[in-house]
Number of protein chains: 2
Amino acid sequence: MQIPNEATLETSGRSLRIERAALHDQIVQRLHDLITEGELKPGERINERELAGRLDVSRTPLREALRVLAAEKLVTISPNYGAFVTRMTRREIQDAFELMSKLERFSGELACERITSEELETIRGVHEAMMAHWQQQNLPGYYHANQQIHDLINQAARNDALRQTYLSLNRRLHPLRLSSNRSDTKWRRAVAEHEQMLTALESRDGDTLGQLMERHLLEKRDAVLADWRDEA
Amino acid sequence: MQIPNEATLETSGRSLRIERAALHDQIVQRLHDLITEGELKPGERINERELAGRLDVSRTPLREALRVLAAEKLVTISPNYGAFVTRMTRREIQDAFELMSKLERFSGELACERITSEELETIRGVHEAMMAHWQQQNLPGYYHANQQIHDLINQAARNDALRQTYLSLNRRLHPLRLSSNRSDTKWRRAVAEHEQMLTALESRDGDTLGQLMERHLLEKRDAVLADWRDEA
DNA sequence: GTATTGTTTTTTGCATTCATTACGCAATAT
DNA sequence: ATATTGCGTAATGAATGCAAAAAACAATAC
């Protein structure tokens, strides 16, 4: 039994291997979409055989995908019992947003230290597009631009562990964020805060930006929790 | 520090289901141990068939376990190529410690708000045990107590999302932390910092404790990075 | 009518089998 | 000697089959 060459993968020079997505990875992606789009609802039981049929794959890669999603807490698996779309409790939502607010703050602080002027320009562009969406009362467009800005700031922070953690938390919270229908006054306020954030970022004022972003997300938390019913 | 098994089913009333650990969850646990103990070394290839034989299970649950560990970034999977124990780059280590330092800070801040006097007493007990280990130059005992303290503070913060993220990062960094052989002066310094931390915690001074814990971990980062060679 | 027990049916968990892909080595050409 | 091509082997990926566990249902006792 011979051990194959490991050099091809991870030598200092990055490998050129093209990695066709494996089926189970595609399934992870697909299930993630189904969950965030609400096609699979929180608390809903996932029948392996039925879902495998629906996705036209066998149970094996589906099960692998479910385990991955369980590790990300998007689904909850109870041994010998079944898999469910995770339903977060009020407390879990609160905790997650609290943590998220700190991650946002950290992102902002680091981004002010590390952002390039090109990145800054990009963000300004998206920011202006977001403003346009706001004036047209285009909520989906606004949300998209909004997410994009936070993501760009996160990227500018240049800390991959932070980014991964942020994205993972975001995946879990994303469905909730959409459902929080904000009043016009709250929307106006959020927009104003984003203006401040951009100003702070452009002057590389990490403390201010960090505080703004943290507070911004805590307000988001309050908005989501206010809307949230404890379906027992 | 346990990985798997959402204990209860998610109805409001907690379920009484007993959940015998599924095989693949046991494997996750076992592999995690093998990795942190250095039995499986970073960069090492994982041959599914061989490892399955070694653990006396079939490839199916082993593969499920590998996917879970990949989601936690403890192993790296390259499609159609194989699984490897993740080898972190210097930059990834740096990023992870930086994030960890912020999580520690947040833990400290929250713990000061939420800790009970019982918990405080427990921590003081472990702290004194740690001091005893120090005076006896018992490094393993010291490390264990040290980890325990950080974990207890984390628990006292009462934010599960924070706790999960902290534990996940800790799993990835744990092997590294051991390998950083500290000088006696550094050890003495760390001990002194822990004294300060306990004082801050007992007086519920969140700002001070947060700063101490953040700095404490950044020093750890420097110690680890100083020892770390970029094996190409 | 309710509760309990026994039976059937469904579903999950794991092992095995088959297919596909990539590696390693030898043969060949340059 | 080096590079390239082709083939055999060994790895991973996915599907199927089978056993175990749980849920649903029916029958019985009270």
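Numbered from 1 within each chain, the chains take letters A, B, ... in sequence-line order.
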So what does B:Ile46 touch, heavy atoms closer than 4.0 Å: a base, only the sugar-phosphate, or nothing?
sugar-phosphate

Could you work out which one of C:dG13, D:dA22, C:dC23 sits closest to the side chain of A:Arg67?
C:dG13

Output the rounded distance in Å from CD (B:Glu64) to P (D:dA14).
13 Å

Out of C:dA22, C:dT12, D:dA22, whichever nucleotide has its closest atom nearest the side chain of A:Arg63:
C:dT12

Take atom CD1 of A:Ile27 and atom P of D:dG13, then tell me their distance rounded to the nearest Å.
13 Å

Would you please name every residue forming a side-chain contact (heavy atoms from CB on, under 4.5 Å) with A:Gln29, sequence neighbours left out?
A:His32, A:Asp33

Would you tell me if any nitrogen or oxygen in the side chain of A:Asn80 comes within less than 4.0 Å of OP1 or OP2 on D:dA23?
no

Scan nucleotides 15-17 of chain C against the protein and return all N/O pairs shorter than 3.5 Å with their distances rounded to 0.1 Å.
residue	atom	partner	partner atom	Å
C:dA15	OP2	B:Ser58	N	2.8
C:dA15	OP2	B:Ser58	OG	2.5
C:dA15	O5'	B:Ser58	OG	3.4
C:dA15	N7	B:Thr60	OG1	2.9
C:dT16	O4	B:Thr60	OG1	3.2

Residues passing the side-chain contact (heavy atoms from CB on, under 4.5 Å) test with B:Ser117, sequence neighbours excluded, are none

Closest approach of B:Asn138 and B:Gly141, non-hydrogen atoms and distance?
OD1-N, 3.0 Å

Between P on D:dT16 and CD on A:Glu48, what's the gap in Å once rounded to a whole number?
15 Å

When you measure from the side-chain N and O atoms of A:His24 to the phosphate of D:dA14, is any distance below 4.0 Å, counting only OP1 and OP2?
yes

When the distance from CG of B:Asn47 to P of C:dG24 is rounded to whole Å, what number comes out?
13 Å

I need the CD-C1' distance between A:Glu50 and C:dT11, as an integer number of Å.
12 Å

Those residues that, when tested against B:His127, pass side-chain contact (heavy atoms from CB on, under 4.5 Å) (two or more places apart)
B:Met130, B:Met131, B:Ile149, B:His194, B:Glu195, B:Leu198

Contacts of type side-chain contact (heavy atoms from CB on, under 4.5 Å), residue A:Glu113, not counting sequence neighbours
A:Leu110

Rounded to the nearest Å, what distance is computed from the CG atom of residue A:Leu62 to the P atom of nucleotide C:dG13?
11 Å

Distance check needed: D:dA23 C1' versus A:Phe84 CZ, whole Å only.
12 Å

With B:Arg91 via side-chain hydrogen bond (donor to acceptor under 3.5 Å, both in side chains) - residues at least two apart
B:Asp95

NZ/NE/NH1/NH2 to OD/OE distance under 4.0 Å, A:Arg30 and A:Glu39
no

For atom CZ of B:Arg45 and atom P of D:dA11, their distance in whole Å
9 Å

